[in-house]
S.K.: 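My questions will all concern the structure given below.
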Amino acid sequence: MGPIKEFLYKKGELGATRALREFLGVQKLLERASGQPKRVCARFDPLCLGDPSTLACWQSILHDTTTLRLQTYTEESLGMWPDPNGFSYINHSVGLVSLRASSLFVEALCMPAPSLSSLEIIIPRRTVFWERMENHIAPVLSDDTLGGTPALLRSCHLSGLRLRSVMAPLTTLTSFDYQPDPNFVSPWFIISTLRKMPCLETLGICLRLQDPEAIAPVMSVLPRAWHQCLNRVALVASGSSWTDRDPEDFVKLVTLFRHVCANPHVTTAVDLRDSGPHFTSERLRWPRRLVEHPVEIDATYELTIFRDERLMVLGCHRTFARDWVTAGTTTFSTLVRLVIGELRWPEIAALSGNIPRLVSLSIILRTSHARPMAPYLSREEPNLFMSAALQPALDCPSLQHVELAGDAERGRYWGLQCVLSLTDVCQFVQTGLRFTSPRLRTLVLSGVSATTDPDPVAAFIAFQQLADDVSVREETSHDIRRLNALGEDCHFGRAWAPSHIFAPEEVANSRASDRFHGLGAS
């Protein structure tokens with residue numbers, strides 16, 4: 001229930017008075033589903049909870065629901081908006097929650113929810129456009145939230161509010177995502193959270209670390225390996241134009257979690273895409289301290305990911321700069337899997353001879369950046385095939401799997417297609433890559449709408465000779481779709497949570513984040 005879009009509503013369309021009718025409808029629907037799991041996604045103005053009838057409906061819904069996502073807002077005027085007919089009218093949008101609305105919302109959350117197993121609360125947070133709103137104070141959840149007693153709650157995502165401490169209903173969680181406003185989080189709060197959530201398996205925090213120098217003293221008084229269940233941690237840098245932080249703080253945080261976790265294979269993700277204005281090109285080399293010997297690298301047009309056996313570091317696309325690649329020759333000796341955008345091929349060529357263990361290579365063709373409403377053609381410049389012809393062959397002796405991926409999902413969105421020449425593909429594999437085996441094990445062309453060759457039969461026969469298993473398909477591979485989702489989610493997905501970094505599917509895809517898709521997924 002509630003609005004889907006974020007802006008451009010006429011006066012009254014977002015008003016709190018509409019909520020009573022909507023809550024009554026939801027309540028009647030839930031009453032029909034006796035004995036069944038009940039999932040509710042509600043976007044509303046908390047001012048409606050000042051009405052006794054609406055509050056009664058709310059209490060009934062909260063009591064009976066098993067999976068609940070709440071997204072709050074306050075109606076905000078955008079001023080005069082002219083239309084083509086010469087008239088002007090006032091448009092409205094969802095805005096920051098007012099102080100009175102916050103108070104009503106926090107009080108309403110104190111009612112019991114004995115059936116609730118998954119809870120998401122998404123409250124608009126201050127952005128660059130809202131920083132000057134002095135009267136905005138993020139809600140602080142009461143110790144009496146959800147009745148103040150442990151129940152069935154297993155998954156919780158809180159965004160845009162604050163916790164004074166871990167309330168009793170959160171002590172049973174196995175998955176917890178926390179995006180506070182303001183975004184300061186101290187090492188002591190992290191330790192307190194882990195102590196009060198002994199069953200926690202997945203933790204995601206969007207933060208600016210407060211008092212990072214306290215981490216060493218904290219570790220000195222804590223025993224090693226005392227949290228038995230935690231196996232996945234997502235740490236997301238939270239930045240804005242008025243904050244400043246040192247990315248080195250995350251090195252200390254990773255050390256802290258490895259100190260307290262009993263699982264020696266705990267997986268940690270550090271997301272630095274929103275690391276603030278001071279994370280400039282001079283500091284792009286810093287991830288070396290976290291991932292000194294990457295096993296996997298994804299270097300797309302939206303983001304860069306470095307992985308080893310226990311750690312994943314996400315950065316903006318500038319992180320994979322030419323200087324990063326050429327700085328050291330031993331850094332990439334452990335690299336097994338590489339995904340790159342085609343325009344990065346000159347940078348990758350610098351790795352020739354330094355990637356002896358590379359087994360899998362995927363190259364994303366830049367479909368979504370082609371001319372509007374024009375297909376991607378493999379003989380247009382600049383592209384992979386033209387660039388590879390001007391570079392020495394990439395020496396990767398262990399290479400077995402190659403994929404050329406047209407971004408068909410985004411291509412369809414923009415009305416684009418990916419059309420490849422099999423002759424060009426053969427030329428690229430034969431002269432652009434140097435590997436030991438007589439031929440590849442697999443060669444995949446995904447996201448390809450069509451092929452174009454003067455002699456298509458001869459081209460396909462030659463293409464078949466390149467690998468034991470070859471395929472051409474229009475569907476984009478799962479890995480590429482997942483990378484696209486990761487590249488967009490934290491910027492455009494209102495319901496995005498830090499732990500979505502670990503999701504095997506596109507549960508937080510920005511084009512689905514405001515729908516009911518993935519509600520309650522952990």
Side-chain angles (χ1 to χ4, degrees), residues 141 143 145 148-158 162-180 183-238 245-272 286-293 295 306-313 497-499 501-502 522:
L141 291 187
D143 291 339
T145 298
T149 57
L152 302 177
L153 196 62
R154 296 294 180 267
S155 174
C156 183
H157 173 204
L158 303 178
R162 291 180 292 153
L163 296 176
R164 285 197 183 96
S165 61
V166 176
M167 306 92 66
L170 302 184
T171 58
T172 58
L173 292 179
T174 59
S175 176
F176 180 49
D177 282 285
Y178 185 42
Q179 297 166 275
N183 53 25
F184 290 98
V185 176
S186 71
W188 293 109
F189 177 85
I190 293 174
I191 295 301
S192 175
T193 299
L194 294 179
R195 287 196 181 280
K196 294 180 180 180
M197 298 183 183
C199 302
L200 193 65
E201 298 174 2
T202 301
L203 173 64
I205 306 180
C206 185
L207 78 161
R208 177 187 177 189
L209 185 62
Q210 188 175 23
D211 194 12
E213 301 305 322
I215 290 181
V218 168
M219 292 174 57
S220 67
V221 299
L222 289 176
R224 283 186 172 272
W226 52 267
H227 198 287
Q228 301 297 316
C229 298
L230 192 63
N231 56 51
R232 297 189 303 184
V233 179
L235 305 171
V236 180
S238 178
R245 91 203 94 278
D246 186 351
E248 295 291 337
D249 295 347
F250 288 88
V251 179
K252 303 172 185 176
L253 268 181
V254 171
T255 304
L256 175 63
F257 279 103
R258 289 179 176 176
H259 178 88
V260 302
C261 292
N263 181 2
H265 304 293
V266 60
T267 301
T268 308
V270 177
D271 189 341
L272 299 172
W286 86 267
R288 282 180 181 280
R289 292 192 56 193
L290 287 175
V291 183
E292 294 182 333
H293 302 286
V295 175
F306 290 82
R307 293 187 184 90
D308 61 17
E309 289 81 2
R310 299 172 58 189
L311 182 64
M312 174 169 58
V313 178
S499 67
I501 293 172
F502 298 117
S522 62

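Side-chain atoms are counted along with the backbone in the values below, which use heavy atoms only and exclude waters and symmetry mates.
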S.K.: Specify the closest pair of heavy atoms between Lys252 and Pro212, including all atoms of both residues, with the distance to one decimal.
M.R.: CD-O, 4.1 Å

S.K.: Scan Ile205, Ile190, Val270 and name whichever one has a side-chain contact (heavy atoms from CB on, under 4.5 Å) with Leu253.
M.R.: Ile190

S.K.: Might you point out which heavy atoms bring Gly148 and Ala168 nearest each other, and give the distance in Å?
M.R.: O-CB, 3.4 Å

S.K.: Does the side chain of Ile191 come within less than 4.5 Å of Leu256's, by heavy atoms?
M.R.: yes

S.K.: Are the side chains of Phe257 and His227 in contact, using a 4.5 Å heavy-atom criterion?
M.R.: no

S.K.: Is any side-chain heavy atom of Asp143 closer than 4.5 Å to one of Ser165?
M.R.: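 Ser165 reaches Asp143 side chain to side chain.
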
S.K.: Going by distance alone, is a donor N or O of one side chain under 3.5 Å from an acceptor N or O of the other, for Ser186 and Asp211?
M.R.: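 No.
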
S.K.: Check whether any side-chain heavy atom of Thr267 lies under 4.5 Å from a side-chain heavy atom of Met312, and answer yes or no.
M.R.: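 No, every pair of side-chain atoms sits at 4.5 Å or beyond.
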
S.K.: Could you state the interatomic distance from CG (Leu158) to CG (Leu163), rounded to the nearest 0.5 Å?
M.R.: 5.5 Å

S.K.: From Thr174 OG1 over to Leu203 CG, what is the distance, rounded to the nearest 0.5 angstrom?
M.R.: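 Going from OG1 on Thr174 over to CG on Leu203, the span is 12.0 Å.
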
S.K.: For the backbone of Arg232 and the side chain of Thr202, can you confirm whether one donor and one acceptor N or O come within less than 3.5 Å of each other?
M.R.: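 Checking the backbone N and O of Arg232 against the side chain of Thr202, no donor-acceptor pair under 3.5 Å is found.
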
S.K.: Roughly how far, to the nearest 0.5 Å, is CE of Met167 from NZ of Lys196?
M.R.: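 Answer rounded to 0.5 Å: 10.5 Å.
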
S.K.: Side-chain donor-acceptor pair under 3.5 Å between Glu309 and His265, yes or no?
M.R.: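 No, no side-chain donor-acceptor contact under 3.5 Å.
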
S.K.: Once ring pair (Phe, Tyr, Trp, His ring centres under 6.0 Å) is applied, do any residues pair with Tyr178, and if so which ones, sequence neighbours excluded?
M.R.: Phe176, Phe189

S.K.: Once rounded to the nearest 0.5 Å, what's the spacing between atom OG of Ser155 and atom CG of Asp177?
M.R.: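 Rounded to the nearest 0.5 Å, the OG-CG separation comes to 7.5 Å.
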
S.K.: Could you tell me whether the side chain of Leu311 reaches within less than 4.5 Å of the side chain of Arg258, counting heavy atoms only?
M.R.: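 Yes. Closest side-chain heavy atoms under 4.5 Å.
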
S.K.: Minimum heavy-atom separation for Cys206 and Pro498, please, with both atom names.
M.R.: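 Here Cys206 and Pro498 meet closest at N-CG, 4.1 Å.
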
S.K.: Within the structure provided, determine whether Leu173 and Val166 are in side-chain contact (heavy-atom separation under 4.5 Å).
M.R.: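 Not touching, per the 4.5 Å side-chain cut-off.
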
S.K.: Let me confirm one number: the CG-OG1 distance from Leu170 to Thr193, rounded to the nearest 0.5 Å.
M.R.: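 If I round to the nearest 0.5 Å, the distance is 9.0 Å.
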
S.K.: Closest approach of Glu201 and Leu230, non-hydrogen atoms and distance?
M.R.: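 Looks like O-CD1, 3.5 Å.
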
S.K.: Compare every heavy atom of Thr172 with every heavy atom of Cys199, then report the nearest pair and how far apart it is.
M.R.: CB-O, 4.5 Å

S.K.: For Cys229 versus Pro198, what's the shortest heavy-atom pair and its separation?
M.R.: SG-O, 3.4 Å

S.K.: Using the side chain to side chain contact (heavy atoms under 4.5 Å, CB included) rule, take Arg195 and Leu222 through it: C-alpha gap first, then chi angles, then the decisive distance, then the call.
M.R.: CA-CA 11 Å; Arg195 287 196 181 280; Leu222 289 176; 3.1 Å; yes

